[in-house]
Every structure is written in structure tokens, then in C-alpha cells.
Enquirer: 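Quick one: the structure is below, and I'll ask about it shortly.
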Amino acid sequence: MSEESPTPSEWPSEWLRGVVGLCILRILTDGPTYGYAIGAALADSGLGTLKGGTLYPLLKRLEDAGYVTTEWRAGDGGPGRKYYHLTRSGEDELAHAGGRWVRFTEVTRSIIQGPRTAATTPQEVES
Amino acid sequence: MRSSMRERWTAWKYSVELTLAPHVEGLWAEELLVELRLQGVSGTMIGEALTEVESHCAESGERAEDAFGDATGYARSLGLPRSPDESATAVAAAVIPVVVQLVGMYATTDAFDAWVAGDELGFTTGMVLSTAIMLGVIASAVVFTERVLRFIVAHPVFAYFLSMAIVGMYTLVTVLGRTSWSPCLPCLCSSSPPASSWQVPPGNEHARGAGSTTTLSPHRLHTSPQTPVRRQETKLHQGAE
């Protein structure tokens with residue numbers, strides 16, 4: 001998190017919207033952690049810096065959905081930290097939606113990187 | 001010198017916010033607290049929301065404004081639930097005893113004069129209207145609590161003058177509904193009965209003069225059988241027969 005990347009990888013927010021929740025659930029499989037550490041882990045993974053204004057409402061939605069539970073713990077001499085634990089339901093969601101997301105990326109990748117075919121003509125596309 | 005004055009002023013103004021969240025700008029914290037409070041979110045949840053922002057800012061060294069954007073927008077994006085203590089039912093449950101108390105108090109003070117004089121208690125137009133205004137204001141404050149509070153927070157000066165205007169109207173209605181409007185009453189009374197008939201015990205009418213109150217709908221409240229209206233009605237019925 002301390003590394004200052006010269007080219008900050010800012011992904012379009014509409015891409016992130018669908019998948020950040022799953023990435024957070026995956027981070028939490030390594031054990032309970034708090035908001036700032038989750039943001040740092042996402043940034044370290046190359047997802048870019050997620051603003052607090054995006055991250056915390058998202059964590060709140062995961063909590064409302066029952067995928068995580070929260071617990072306040074004392075910080076290191078500073079303010080308390082709200083720790084997020086993955087629930088059983090969150091694990092199921094990660095397994096299910098995570099698997100779908102992986103297949104989705106394979107599909108989109110095969111489309112984007114797929115070989116050009118001469119067969120596709122405008123008429124065929126319309127019909 | 002000026003800046004130190006300003007700093008001291010800020011420290012005093014945002015003392016609560018800066019105690020709870022020293023790493024968050026006072027104004028930002030205040031806006032967050034006010035918005036969540038207006039939404040009726042419970043104190044525990046408001047505290048948690050602010051502490052999480054504080055925790056983030058303390059660790060990242062970012063300004064709350066930069067990391068979280070607009071405080072009001074952030075407060076809304078959290079989608080925190082309204083506390084059961086802030087529901088309309090809970091507000092009504094808190095207000096109803098006060099309303100009963102107020103009505104009882106006004107009834108007692110209004111009845112005092114009549115009690116001293118040994119008369120029956122009568123109602124003046126002013127009493128009825130002012131009570132209606134009071135109950136109307138309280139009812140709308142209960143039903144539209146959030147809207148009323150938002151209006152007061154957004155336009156405090158205007159809200160102050162508006163509340164003064166309501167108090168003024170209340171007083172005016174009470175006073176005007178109680179004292180006589182002698183210059184214009186004869187013409188009014190020719191078409192409608194004197195309101196004094198349900199305010200003053202029978203027999204005192206003449207002593208008080210025709211119409212010591214306004215002519216606003218006294219028909220319903222009118223109880224005395226010895227009034228001009230009843231006599232007129234009787235005549236009308238006789239004429240019809």
C-alpha cells in the first residue's frame with residue numbers, strides 16, 4: 001500500500017461494481033480484517049485504490065446481505081477498528097458467484113481475444 | 001492573532017466532533033452527524049459510522065472529504081435503518097402525554113375565572129381556534145418530523161420567524177376571539193346569532209352586549225335555549241307549518 005505506483009491502475013467503476021464485493025469476500029477468507037486493511041489489500045492486488053466513500057457502503061451492503069458480520073476491536077493506540085468476518089453464507093456466495101464470475105471472464109476473454117472469423121457479415125448479425 | 005481566534009472558534013464549535021473523531025474535519029463530521037440524525041438513525045449506529053471514518057482517516061492520513069466525498073452523500077449511501085425509537089409511533093407516544101397535559105393546563109386556566117365568578121365554563125371562538133392551531137402544529141410536527149427538522153436545519157432564521165409568526169397568530173386568535181369587536185358587530189349580528197350566547201350564562205347577555213365574540217360558527221356550540229337564534233328558528237318552523 002505504501003508503494004506509489006507511477007501508473008495507478010484505475011479500472012472503470014462500472015467494471016469494479018460487479019466484482020469488488022467478491023474480491024472482498026475472497027480477502028476475508030484469509031481471516032477477519034478491518035476496512036482500511038481490506039482497501040490496502042485490494043490496492044496491493046492491483047485493483048486500484050478504492051475510495052472510502054465506495055468501500056464502506058459496499059461493506060455495509062455485504063453486512064446487510066448477511067455475507068459478513070462485524071465486531072469492534074481496539075486499534076493500535078488509535079481509534080477502534082471494525083473487523084469484518086466472513087459468514088457461512090458469504091462463503092457460499094463466494095463459491096457460487098465467484099465461480100460464475102470466473103466463467104464470465106473466460107467467456108468475455110474468448111470473445112475479445114478470439115480469432116477473427118470471416119463468416120460474420122452484417123446481415124447475419126442483424127438476423 | 002486572527003487565525004488563532006479562528007482556530008479557537010473552530011475548536012469550540014466542533015468540540016463534540018473533534019473529541020469523537022479527531023482525525024476528521026469538524027465540519028465534515030458535523031454534516032455526517034446531522035444527516036444521520038435527521039434520518040432517525042440510532043445513536044449507536046451513528047457512532048459506529050463516524051468511528052469507522054475516523055479509523056480510516058487516522059490510518060490513511062487522508063482527509064475525510066477526499067476519501068469519503070460529500071458527508072451528506074456518504075451518510076445516505078450507507079443506507080442505515082431508522083431507529084425504532086424514532087418511528088412515527090414512538091414520536092406520537094412521546095408527544096401525546098404532552099398534548100394531554102397542555103390541553104388540561106389550558107382548560108384549567110381558562111376555567112379559573114368562571115370558577116371564581118361561580119359561572120359555567122364557556123368556550124370562546126378564540127379558545128377553540130387557538131387550540132386547533134396548537135394541535136395542528138403539533139400533529140404536523142409529529143407526522144412530518146423529518147421534513148420539519150430538515151427545514152429548520154436548512155433555514156434556521158426563516159424557521160425562527162415562522163415559529164414566531166405561528167405563536168403570534170395563536171395569541172392574536174386567542175385575544176381577538178375573546179374581546180368584543182363592537183364597531184362592526186351590529187351588522188354581523190343581524191344575520192347571525194351573538195356568540196356570547198354560548199359564552200355567557202343566560203341572563204347576562206344583555207349586560208355583555210350583543211356579541212362579545214366573533215360570529216365564527218357558534219351554531220354547533222350554542223347550548224342556551226333562550227337565545228335569539230332559537231327563537232328565530234322557532235318562528236321559522238311555525239311559519240312553515
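Letters A, B, ... mirror the listed sequences (proteins, then strands); counts begin at 1. All values reported here derive from a predicted model rather than from experimental measurement.
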Enquirer: Around atom CZ of B:Arg37, are there more than 12 heavy atoms from other residues, nucleotides or ligands closer than 6.0 Å?
Expert: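 No, not enclosed.
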Enquirer: Between A:Tyr56 and B:Phe68, is the ring centroid distance below 6.0 Å?
Expert: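 Yes, the ring of A:Tyr56 comes within the 6.0 Å limit of the ring of B:Phe68, centre to centre.
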Enquirer: Heavy-atom count around B:Arg63 CZ within 6.0 Å, excluding the residue itself: above 12?
Expert: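 Atom CZ in B:Arg63 is packed in, count exceeds 12.
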Enquirer: I'd like to know which of B:Asp70, B:Leu78, B:Leu80 tops the heavy-atom pair count under 4.5 Å against chain A.
Expert: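 The option with the most such pairs is B:Leu78.
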Enquirer: Quick check on A:Lys60 against chain B: is it the side chain, the backbone, both or neither that has a heavy atom closer than 4.5 Å?
Expert: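 Just its side chain gets close to chain B.
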Enquirer: If you count every heavy atom of other residues, nucleotides or ligands that lies below 6.0 Å from A:Arg73 atom CZ, does the total exceed 12?
Expert: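 More than 12 within 6.0 Å, yes.
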Enquirer: Should we count CZ of B:Arg147 as having more than 12 external heavy atoms under 6.0 Å?
Expert: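 No - once you tally the heavy atoms of other residues, nucleotides and ligands closer than 6.0 Å, there are 12 at most.
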Enquirer: Which one, A:Gly53, A:Gly80, A:Gly35, leads in non-hydrogen pairs under 4.5 Å with chain B?
Expert: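 Result: the option with the highest number of such pairs is A:Gly53.
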Enquirer: Could you measure the distance from the NZ atom of A:Lys51 to the NE2 atom of B:His56? Nearest 0.5 Å is fine.
Expert: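 Going from NZ on A:Lys51 over to NE2 on B:His56, the span is 8.5 Å.
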Enquirer: Can you check side-chain contact (heavy atoms from CB on, under 4.5 Å) on B:Ser55 and A:Tyr36, steps first, answer last?
Expert: CA-CA 8 Å; B:Ser55 182; A:Tyr36 180 68; over 6 Å; no
Enquirer: Tell me whether the count of non-hydrogen atoms from other residues, nucleotides or ligands lying under 6.0 Å of OH in B:Tyr160 goes above 12.
Expert: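 Counting other residues, nucleotides and ligands, OH of B:Tyr160 stays at 12 neighbours or fewer.
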